[in-house]
Asker: 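Here it is: the structure, laid out below.
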Number of protein chains: 2
Amino acid sequence: MVANTVDVLNDRCPSRQVIALIADKWSILVLYALSREGTLRYGQLQRTVRGISQKMLTQTLRELERNGLVSRMVYEVVPPQVEYELTDLGKSLRRVLSELCGWAQGNLEQVARARELYDLEKGNPT
Amino acid sequence: MVANTVDVLNDRCPSRQVIALIADKWSILVLYALSREGTLRYGQLQRTVRGISQKMLTQTLRELERNGLVSRMVYEVVPPQVEYELTDLGKSLRRVLSELCGWAQGNLEQVARARELYDLEKGNPT
DNA sequence: CTGTATCCGACCCGATACTG
DNA sequence: CAGTATCGGGTCGGATACAG
């Protein structure tokens, strides 16, 4: 059989779209927040993911919901209440998420030092 | 002691910059390619990461080099030869990289199905 | 409270042409 | 071969105003 190889390095492979979905700053932070905190309301999410604008939060949540990573539950009350949480599919990403964010937190100093060194050498050498 | 908490969800934490560096489609694919293939020349990289433009490849490599994830070795020959590979810091990302890309490859169908369903329900319901 | 709609500047990114 | 320089359309993303 002619197995059409699944590979993110192949630009015709659908997995590329999945990478594009996850390989996004706001997506990762929103997923990570839901991964850590469990169920969160819209306002809680905005306060948890510091610095995200209303527009980007809504846009990111819609895209994650559309791709099956996040579920959205609307409670018909007043004032409106909407809860977001990871779907089972989204939960299967937890491991990756915590490792990725953990790496970022654990290596921020190494990265900062490398950047300073690079900028010092290649920056304007007056 | 007043430990200034390291947290990617805090927009004032430097780890945010690290997330922004990695949480990028091309960065992840270039890092993954180097992670899988080891040392690669510029042209090899461009053929490996299918669909990346010259501009984005160069730009991505510079940024990764600047932040200490990738090393660049120039051989003074003609025609020019430049080799890229992961630094030790970059290699410590391999685990995350392979898990992330593996997830994308392993769940592309689930994601595709979720998206089709969503678009069917919320799309234009003629 | 949880959104949607619009404006608009900034930046991304591919295409193309050119260089050592 | 391995880039750099430039152009220009497209998209991102914040700010603001408004709605159910």
Side-chain angles (χ1 to χ4, degrees), chain A residues 11-12 16-17 19-31 33-34 37 39-67 70-85 118 121-125, chain B residues 11-12 16-17 19-30 33-34 37 39-67 70-85 118 121-124:
Chain A
D11 57 344
R12 287 191 233 174
R16 266 286 174 91
Q17 300 172 21
I19 288 291
L21 170 69
I22 303 175
D24 171 79
K25 178 187 168 188
W26 293 129
S27 293
I28 286 182
L29 292 177
V30 166
L31 287 172
L34 290 173
E37 310 294 329
T39 300
L40 286 176
R41 296 180 57 175
Y42 184 87
Q44 290 177 312
L45 259 171
Q46 190 161 22
R47 282 187 298 275
T48 304
V49 182
R50 297 279 163 88
I52 194 171
S53 68
Q54 195 173 41
K55 177 178 177 177
M56 290 317 295
L57 178 57
T58 299
Q59 192 172 303
T60 302
L61 283 170
R62 285 295 171 284
E63 202 60 15
L64 293 177
E65 184 196 1
R66 183 164 97 102
N67 289 272
V70 164
S71 70
R72 177 174 184 264
M73 274 165 303
V74 182
Y75 296 87
E76 302 283 348
V77 295
V78 19
Q81 178 169 351
V82 181
E83 287 183 350
Y84 293 91
E85 66 178 349
Y118 183 98
E121 289 176 347
K122 317 252 174 162
N124 58 341
Chain B
D11 57 344
R12 288 191 232 176
R16 265 287 174 92
Q17 300 173 20
I19 287 291
L21 171 69
I22 303 174
D24 171 80
K25 178 188 169 188
W26 293 128
S27 293
I28 285 182
L29 292 177
V30 167
L34 290 172
E37 309 294 329
T39 300
L40 287 175
R41 296 181 57 177
Y42 185 87
Q44 290 177 311
L45 259 171
Q46 189 160 24
R47 283 187 298 277
T48 303
V49 182
R50 297 279 163 88
I52 193 170
S53 69
Q54 196 174 39
K55 178 177 178 178
M56 290 317 295
L57 178 56
T58 299
Q59 192 172 302
T60 302
L61 283 170
R62 286 293 171 283
E63 201 59 16
L64 293 176
E65 185 196 1
R66 184 164 98 101
N67 289 272
V70 163
S71 70
R72 177 174 183 264
M73 276 163 302
V74 182
Y75 296 88
E76 302 282 348
V77 297
V78 18
Q81 179 170 349
V82 182
E83 288 183 351
Y84 293 92
E85 67 178 349
Y118 184 97
E121 290 175 347
K122 318 252 176 163
N124 56 342

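Reminder, nothing fancy here: chain letters follow the sequence lines and each chain counts from 1. Because only heavy atoms are used, hydrogens play no part in the values below, and waters and symmetry mates are left out as well, while side chains stay in. No experiment lies behind these values; they were computed from the predicted model shown.
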Asker: To the nearest Å, give me how far apart CG (B:Leu61) and C1' (D:dG3) are.
Answerer: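 Atom-to-atom, B:Leu61 to D:dG3, this comes out as 11 Å.
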Asker: Once you round it to whole Å, what is the distance between P of D:dG3 and CD of B:Glu76?
Answerer: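 From B:Glu76 CD to D:dG3 P: 12 Å.
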Asker: Under 4.0 Å from OP1 or OP2 of C:dT2: is there any side-chain N or O of A:Arg41 that close?
Answerer: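 Checking C:dT2 against A:Arg41, a side-chain N or O does come within under 4.0 Å of OP1 or OP2.
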Asker: Distance-only, no hydrogens or angles: does the A:Gln44 side chain make a donor-acceptor pair with backbone N or O of A:Arg41 under 3.5 Å?
Answerer: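 Indeed, once roles are kept as given, a pair shorter than 3.5 Å links the two residues.
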Asker: If you only use heavy atoms from C-beta on, which nucleotide in D:dC1, D:dA2, C:dT2 is closest to the side chain of A:Tyr42?
Answerer: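 Closest nucleotide to the A:Tyr42 side chain: C:dT2.
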Asker: Atom CD of B:Gln44 to atom C1' of D:dC1: distance rounded to whole Å?
Answerer: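 Roughly 12 Å, once rounded to whole Å.
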Asker: Is a donor on one side and an acceptor on the other found under 3.5 Å between the side chain of A:Tyr42 and the backbone of A:Gln54?
Answerer: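 Yes, the answer is positive, given that a donor and an acceptor are paired below the 3.5 Å cut-off.
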Asker: For D:dG3 and B:Tyr84 - does any side-chain N or O of the residue sit under 4.0 Å from the phosphate oxygens OP1/OP2?
Answerer: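 Checking B:Tyr84 against D:dG3: at least one side-chain N or O falls below 4.0 Å of OP1 or OP2.
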Asker: Taking CZ in B:Arg66 as the centre, count heavy atoms belonging to other residues, nucleotides or ligands within less than 6.0 Å. Is the count above 12?
Answerer: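 Enclosed.
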Asker: May I have the distance from A:Ile52 (atom CD1) to C:dT2 (atom C1'), rounded to whole angstrom?
Answerer: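 Between C1' of C:dT2 and CD1 of A:Ile52: 14 Å.
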Asker: A:Gln59 CD to C:dG3 C1': how many Å, rounded?
Answerer: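 Spelled out: CD on A:Gln59 to C1' on C:dG3 is 14 Å.
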Asker: How many whole angstroms separate atom CD of A:Gln46 from atom C1' of C:dG3?
Answerer: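 Rounded to whole Å, this separation is 11 Å.
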Asker: Ignoring backbone atoms, test whether A:Arg62 places a side-chain nitrogen or oxygen under 4.0 Å from the OP1 or OP2 oxygen of C:dT4.
Answerer: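 True: A:Arg62 side-chain N/O within range (under 4.0 Å) of C:dT4 OP1/OP2.
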Asker: From CG of A:Leu57 over to C1' of C:dC1, roughly how many Å is that when rounded to an integer?
Answerer: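 The distance from CG of A:Leu57 to C1' of C:dC1 comes to 13 Å, rounded to the nearest Å.
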Asker: Where each residue is assigned the nucleotide of DNA chain D containing its nearest heavy atom, which of B:Arg47 and B:Lys55 is assigned the position nearer the 5′ end?
Answerer: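 Closest to the 5' end, via its nearest nucleotide, is B:Arg47.
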Asker: By nearest atom, which of the nucleotides C:dG14, C:dT4, D:dG13 is closest to the A:Met56 side chain?
Answerer: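 Closest nucleotide among those given: D:dG13.
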Asker: Quick check on D:dG3: is either OP1 or OP2 less than 4.0 Å from any side-chain nitrogen or oxygen of B:Arg72?
Answerer: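 So the side-chain polar atoms of B:Arg72 do come within 4.0 Å of the phosphate oxygens OP1 or OP2 of D:dG3, strictly under.
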Asker: Report which part of the nucleic acid A:Tyr75 touches: base, sugar-phosphate, or nothing (heavy-atom distance under 4.0 Å, all strands).
Answerer: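 Result for A:Tyr75 = nothing.
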Asker: The side chain of B:Thr58 lies closest to which of these nucleotides: D:dC7, C:dC7, D:dG3?
Answerer: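 Output: D:dG3.
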Asker: Should the side chain of B:Gln54 and the base of C:dG14 be counted as holding a donor-acceptor pair, with the cut-off at 3.5 Å?
Answerer: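 For B:Gln54, whose side chain was compared with the base of C:dG14, there is no donor-acceptor pair (under 3.5 Å).
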Asker: How far does CG of A:Leu45 sit from CD of A:Glu83, to the nearest 0.5 angstrom?
Answerer: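 It comes to 10.5 Å.
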Asker: Atom CG in B:Asn67, atom CZ in B:Arg62: separation rounded to 0.5 Å?
Answerer: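 Here the rounded value is 13.5 Å.
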Asker: Starting at atom CD of A:Glu83, determine the distance to atom P of C:dC1, rounded to an integer number of angstrom.
Answerer: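 It works out to 15 Å between those atoms.
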